[in-house]
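Below is one structure; the comments refer to it alone.
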Amino acid sequence: MIKKTIVTTLLIGCFAVCMAMVLDITGKWIGTLTISDGTALNLVYTLKEDGDKVTGTAASQEGEINIENGQIKGSEISFTVYRNGEDVKHNGTVYKDSIGMNIESPSFKYHVLLKKEVK
């Protein structure tokens, strides 16, 4: 009986730790993307997580556009934005305070590190 109680307590403790470590992507994520001609673009992604769906906007000096087809599975995030007649795919890995994001279209491929805005 004591062994069962100890095991149950440990499992509940592990579950609580795992739940505390769940990644929350809701909020603003900021990064700087340097494109091939050396121009630095300030990027701001405003993300909202709803289950396994991701919505929000992507903004730069060129304006703001809506995120489409957004998904999150575990620590993997993906979505597209429509820019200058092209679908621009975004695929990344979410960490505690950052997202490593690959940005790709038929005409370019970049990587950027986004940091979560701290309030």
Original post:
Roughly how far, to the nearest 0.5 Å, is CD of Glu117 from CH2 of Trp29?
Top reply: 11.0 Å

Side-chain donor-acceptor pairs under 3.5 Å in residues 99-106, sequence neighbours left out?
| unit_1 | atom_1 | unit_2 | atom_2 | d |
| --- | --- | --- | --- | --- |
| Asn102 | OD1 | His111 | ND1 | 2.8 |
| Ser105 | OG | Glu86 | OE1 | 3.1 |
| Ser105 | OG | Ser107 | N | 3.1 |
| Ser105 | OG | Ser107 | OG | 3.2 |
| Ser105 | OG | Phe108 | N | 3.4 |

Original post:
Excluding sequence neighbours, so at least two apart, what forms side-chain contact (heavy atoms from CB on, under 4.5 Å) with Glu76?
Top reply: Thr93

**OP:** Output the distance between atom CG (Asn84) and atom CD1 (Ile65), rounded to the nearest 0.5 Å.
**Re:** 8.5 Å

Subject >> Rounded distance (nearest 0.5 Å) linking atom OG of Ser98 with atom NZ of Lys116 >> reply: 11.0 Å

Original post:
Which atom pair, heavy atoms only, marks the closest approach of Tyr82 to Asp87?
Top reply: CD1-OD1, 3.3 Å

Extract all donor-acceptor atom pairs below 3.5 Å that involve side chains of residues 45-53 and protein atoms in other chains or at least two apart in sequence.
| unit_1 | atom_1 | unit_2 | atom_2 | d |
| --- | --- | --- | --- | --- |
| Tyr45 | OH | His90 | NE2 | 2.9 |
| Glu49 | OE1 | Ile25 | N | 3.4 |

Original post:
What do the steps show when you test Val94 against Ile72 for side chain to side chain contact (heavy atoms under 4.5 Å, CB included), and what is the final call?
Top reply: CA-CA 9 Å; Val94 180; Ile72 187 161; 4.2 Å; yes

**OP:** Indicate yes or no for a side-chain donor-acceptor contact from Gln61 to the backbone of Asn42 under 3.5 Å, with no hydrogens or angles considered.
**Re:** yes

**OP:** Step by step, work out the side chain to side chain contact (heavy atoms under 4.5 Å, CB included) result for Arg83 and Glu62.
**Re:** CA-CA 10 Å; Arg83 181 186 163 271; Glu62 297 177 356; 3.1 Å; yes

Original post:
To the nearest 0.5 Å, how far apart are OH in Tyr110 and CG in Leu41?
Top reply: 8.5 Å

Subject >> Heavy-atom side-chain proximity of Ile67 to Phe79 below 4.5 angstrom >> reply: yes

Original post:
What distance separates Ile30 CD1 from Leu113 CG, expressed to the nearest 0.5 Å?
Top reply: 12.0 Å

Subject >> Shortest non-hydrogen contact from Ala40 toward Thr32 >> reply: CB-CG2, 3.9 Å

